[in-house]
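Have a look at the structure below, then the notes.
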Protein chains: 2
Amino acid sequence: MSKPGQQVISRLRQMILSGELESGQRLVEIPTAEQLNVSRTPVRIAFRTLEQEGLLTKLSGRGYIVRQVTQAEISGSIEVRGVLEGLAARQAAENKLSKSQTNELLRLLKQGDELFVKGSINEQDLAIYHDMNQRFHQIIIEASLNPAISEALSRNEHLPFASVSALAFDRNNLAQEYRRFNFAHMQHHAVFDAITHGQGSRAEAIMREHANATLGYAKIFSQMEDNGEKMHILKNIDSII
Amino acid sequence: MSKPGQQVISRLRQMILSGELESGQRLVEIPTAEQLNVSRTPVRIAFRTLEQEGLLTKLSGRGYIVRQVTQAEISGSIEVRGVLEGLAARQAAENKLSKSQTNELLRLLKQGDELFVKGSINEQDLAIYHDMNQRFHQIIIEASLNPAISEALSRNEHLPFASVSALAFDRNNLAQEYRRFNFAHMQHHAVFDAITHGQGSRAEAIMREHANATLGYAKIFSQMEDNGEKMHILKNIDSII
DNA sequence: TTTTTATTCATTGGATCCAATATAAATAAA
DNA sequence: TTTATTTATATTGGATCCAATGAATAAAAA
C-alpha cells in the first residue's frame, strides 16, 4: 500500500482532472481535510504540490481554486509540448531505439492500422487509441535518454492533451474525427520511420508538426478564444494526438 | 518583510546554488530546522519544494541529498533550454515587442557593445555581462506572451547556466573567454534583429544555436564526461550565455 | 455619500507531540 | 562464514494546538 500522503495528492489530482472539481472552484484546507478524512497537514502539502504542478492557483489568504486556463494558455502549452517532443524525437533518432522500444512501437503502429483499416471509428476505438497514443509518445520521450525533457513536461503534463480533448472531440461528427485521428496515426508512422532511419531533424520536424496539429482543434470553439473565457483544465481525458 | 516559510525555501535554495551545501550532501529535517532556527514544518515544505525544483533528491527514509548531476544530464538540460528559448524567440517575433521591451533590449545591446569594444574582458566585466545576459533572455521569454515557457523552464531554471559556468569559465584564459562571450553577444544582436523584423523562424534558429553553443563548453572537462562522475548542480553562478 | 479606519472573521503558517516507517545493527540460525 | 531474523534507531508523516496574516465587514470620520 502506498503512503496516505501521496494518496491525498493523487486523489485530489484525479478529482481535478476528472472534472469532479469544477474549474475555479474554491478549495480550503479544513473542509477538504474533513472531506478526505485526514488532517490539515497532508492537505496543505497536497495543495502546494498541486499548485506547483499547475493544477491549483493560490488566492492569498482565501485558499486555492482549481486552475482556470484561457484559450491562449492552452495554445501556448501545446506549442511548448511541440518543441519538447520534437527534441525527444530528434534525440531518440540520434541514440537509436532499443530492441524492445522498436518492437513496442511497431506493435502500437500495427494495432493502430487495424483500428483505422475499417474506415470508421467509434468511441470505444477512441478510448483504445488514446492509450496507444499515450504510450507511443511516452516511449519516444524515454528513448531520448534525456530526463530533462520529461521534467520540463511534468509541469503541465496534462494540460495540452486533456483540454484539447474537451474542446475538440466532436461526438456528433465521427467521420471527421476519423480523418483527424487517422492522419495523426500516419504521422506516428512517419515519426517512427524517421527515427529508425536516424533522421533526427526530420523526426523532430514531423513530431512538432504532429503536436501542433492539435492547435487547430484547440481553436474550434472560437467564441472562447474571442472573449477570453476561462475554462476547466481538463475534463474527460480522452484526447488523442 | 516576506513570509518566513518562503524565507526558508529561498535560504536553502541559495545555500545550494552558492555551493555552501556540497553536491551529495545529506540534509535531514531536524538538524536543518535547528540550524535555521525554525520548526520542522517549514523545512519539510521547503524540502518538498526544492525536490520538485530539481535541487534535492529524496532518499526514502534517510532524508534528502543535494542533487548530483552527470555531464549527460547537463547537456540534456541545455538542449531543453535551447528549444524552449527558441520557441520564445519565435513567438516574440510573431507578437512583436512592446516599446519598452525594444528600448531595454537596445540599451542592453549597447551596453554590451561598450563592454566588448575594448578588445579584452576581465572578471568584473563578466559579472556585469552576466546580469545583462540574464535580463536579455528574460525579456524575450516575457515577450513570447507564453507563460507555459517559463513554467517549463522553472523546473531546472538554474541548471544549465550555472553548471556550465562552473565547468566552462577559464579564468586563466581570458582572451579565449573574450572571444566566446563576444560571439555570444553578436548572437544577441542577431536574435534582436530577427525579432524586430518579424522573422520568427530565423529568431528561433539563432536562439537555439545560441543556447546550444553552451554545449561545447559543458564538455570541456572531458574526463568528467568519460567516467560519468557526478558533480554539483551549480557552484558559482557567474555563467554567461 | 464617500472615504478612511477599526474590528471581526476566515484561513493559512508554525510548533510540537505522537505514530508509522524504513534503514541499520545485532543476533540467531544455517 | 553466510544468511535470515529480530531489534533498535533514525527519520519522516500525521494530528492538533496556537499564532499570524489578510480579507471582508462594520463603524466612524470627512
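A note on names: the letters A, B, ... follow the listed sequences, proteins ahead of strands, and every chain is numbered from 1.
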How close or far is atom [atom2] of [N] from atom [atom1] of [X], stated in whole angstroms?
X: B/E34; N: C/dT16; atom1: CD; atom2: C1'; result: 13 Å
X: A/N37; N: D/dG14; atom1: CG; atom2: P; result: 14 Å
X: A/K58; N: C/dT11; atom1: NZ; atom2: C1'; result: 10 Å
X: B/L59; N: D/dT12; atom1: CG; atom2: P; result: 9 Å
X: A/I45; N: C/dG14; atom1: CD1; atom2: C1'; result: 13 Å
X: A/R40; N: D/dC17; atom1: CZ; atom2: C1'; result: 10 Å
X: B/Q7; N: C/dG14; atom1: CD; atom2: P; result: 10 Å
X: B/I9; N: C/dG14; atom1: CD1; atom2: P; result: 9 Å

Exercise. Does A/R135 CZ have over 12 foreign heavy atoms under 6.0 Å away?
Worked result: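 Enclosed.
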Exercise. Hey, are A/Q101 and A/S98 close enough side-chain-wise for a donor-acceptor pair under 3.5 Å?
Worked result: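 Judged by distance alone, the side chains do pair up.
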Exercise. Taking atom types as modelled, is there a side-chain donor on A/E79 or B/Q91 under 3.5 Å from an acceptor on the other?
Worked result: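 Yes.
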Exercise. Does the distance from a Lys or Arg side-chain N to an Asp or Glu carboxylate O, for A/R13 and A/E53, drop under 4.0 Å?
Worked result: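 So A/R13 pairs with A/E53 through a salt bridge.
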Exercise. Can you check whether A/S39 has a side-chain N or O nearer than 4.0 Å to OP1 or OP2 of D/dG14?
Worked result: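 It does not, given that no N or O in the side chain of A/S39 lies less than 4.0 Å from OP1 or OP2 of D/dG14.
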Presence of donor-acceptor pair under 3.5 Å, side chain of [X] and base of [N]:
X: B/S60; N: C/dA22; value: no
X: A/R44; N: D/dG14; value: no
X: B/R48; N: D/dG13; value: no

Exercise. What orientation do B/H188 and B/H210 show, parallel under 30°, tilted 30 to 60°, or perpendicular over 60°?
Worked result: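 Geometry flag for B/H210 against B/H188: perpendicular rings.
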Exercise. Between A/F47 and A/T41, which has a closest nucleotide on DNA chain C that is more 5'?
Worked result: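 Final value for this comparison: A/F47.
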Could you list, one pair per line, each protein nitrogen or oxygen that sits under 3.5 Å from a nitrogen or oxygen of nucleotides 8-11 of chain D, together with the distance?
unit_1: D/dT11; atom_1: OP1; unit_2: B/R26; atom_2: NH2; d: 2.4

Exercise. Is any side-chain heavy atom of A/L56 less than 4.5 Å from a side-chain heavy atom of A/L12?
Worked result: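 Not touching, per the 4.5 Å side-chain cut-off.
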Problem set entry | Smallest separation among heavy atoms of B/S150 and B/I141, with atom names |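 Answer, listing the atom of B/S150 first, then B/I141: CB-CG2, 4.2 Å.
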